[in-house]
Amino acid sequence: MITVYPVLDYFSTCPRCGYPAEATTAVRSYAHGETARETHITCGMPCGWSVVE
């Protein structure tokens, strides 16, 4: 199962265009009990910039 949460305290700007960036965290829960988290940061405008941490 994958659950996506917005990161509400993420305050940064896109390094490509300067528009405010947005972040979400994806939490993957596996049947055997393990979980994995990934933070996805993207530009708030469609310039195409993104990064996964």
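Everything numeric here is computed off the predicted structure, so don't read it as measured data.
Applying the salt bridge (charged side-chain N to carboxylate O under 4.0 Å, His left out) rule to pairs touching residues 40-52 yields nothing, sequence neighbours excluded. Within the structure, ring-ring contact (aromatic ring centres under 6.0 Å, His included) contacts touching residues 16-53 (residues at least two apart or in different chains) are Y30-H32.
In terms of heavy-atom proximity, T42 sits nearest to S50 at CG2-CB, 3.6 Å. Minimum heavy-atom separation, A23 to T39: CB-CG2, 4.5 Å. Closest of all the heavy-atom pairs between T25 and V7 is OG1-CG2, 3.4 Å.
For R16, the salt bridge (charged side-chain N to carboxylate O under 4.0 Å, His left out) criterion is met by no residue, not counting sequence neighbours. Not counting sequence neighbours, the partners of I2 by the side chain to side chain contact (heavy atoms under 4.5 Å, CB included) test are V4, A26, R28.
One finds the CE atom of M45 at 10.5 Å from the CD atom of E22 (value rounded to the nearest 0.5 Å).
Within the hydrophobic cluster formed by Ile, Leu, Val, Met, Phe, Trp and Tyr side chains joined at under 4.5 Å, directly or through other members, Y5 is accompanied by V27.
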